[in-house]
Amino acid sequence: LDFQSRREMHDVFHRVLKPDSGITALIVTHSIDDAVYMGDQVVITTRNPMTIVDVVSIDEPRPRTQDFKKSQRYFNRLQKISGIFLTANA
């Protein structure tokens, strides 16, 4: 998705999946950014054969806003998940 469409998708996702909606969603993405912004848990896998390496909890209140993407907590999670992924798939 282009930048604007991705941002709109994030906003729709958070409107539909409110904490009290009772809806559970499984999102498969190759984007660590999307995973951290939209997920409550990020499952990190190896490439081939695919095995689960780690599960990182994203303990942030919902709905998340674009301001979350500017926070140190957001960047810390991106770095942590990137590190785990790169180590597991080296």
Kindly compute the distance separating [atom1] ([X]) from [atom2] ([Y]), expressed to the nearest 0.5 Å.
| X | Y | atom1 | atom2 | value |
| --- | --- | --- | --- | --- |
| T29 | M38 | OG1 | CE | 6.0 Å |
| D2 | E8 | CG | CD | 8.0 Å |
| Q4 | M9 | CD | CE | 12.0 Å |
| D67 | K69 | CG | NZ | 11.5 Å |
| S21 | R62 | OG | CZ | 9.5 Å |
| Q41 | D54 | CD | CG | 10.5 Å |

When you compare the side chain of [Y] with that of [X], does any pair of heavy atoms fall below 4.5 Å?
| X | Y | result |
| --- | --- | --- |
| D34 | I27 | no |
| E60 | V36 | no |
| V56 | I44 | yes |

- prompt: So with a 6.0 Å cut-off around NZ of K80, is the heavy-atom count from everything else above 12?
  reply: no

query: Taking atom CD1 of I52 as the centre, does the number of heavy atoms from other residues, nucleotides or ligands within less than 6.0 Å exceed 12?
result: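 No, the 6.0 Å shell around CD1 holds no more than 12 heavy atoms from other groups.
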
task: Without swapping roles, check the side chain of S82 against the backbone of F85 for a donor-acceptor pair under 3.5 Å.
output: no

message: Is it the case that the side chain of N89 and the backbone of T45 share a donor-acceptor pair, with hydrogens and angles ignored and the cut-off at 3.5 Å?
response: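 Yes; at least one donor-acceptor contact below 3.5 Å.
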
task: Consider only side-chain heavy atoms of I, L, V, M, F, W and Y, link residues closer than 4.5 Å, and tell whether I32 and V43 are in one cluster.
output: no

task: Treat each ILVMFWY residue as a node, draw an edge where side-chain heavy atoms are under 4.5 Å apart, and state whether L78 and V55 are in one component.
output: no

message: Between R64 and I58, does the side chain to side chain contact (heavy atoms under 4.5 Å, CB included) criterion hold? Intermediate values first, please.
response: CA-CA 11 Å; R64 296 191 186 129; I58 309 297; 3.7 Å; yes

- request: Flag this pair as yes if the NZ/CZ of R6 is under 6.0 angstrom from the six-membered ring centre of F3 and inside a 45 degree cone about the axis; otherwise no.
  value: no

- prompt: Looking only at heavy atoms, what is the nearest atom pair of V42 and A35, with distance?
  reply: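 Scanning both residues, the minimum pair turns out to be CG2-O, 3.7 Å.
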
- request: For the pair H10 and Y37, name the ring-plane relationship: parallel under 30°, tilted 30 to 60°, perpendicular over 60°.
  value: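 It falls in the tilted class, 30° to 60°.
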
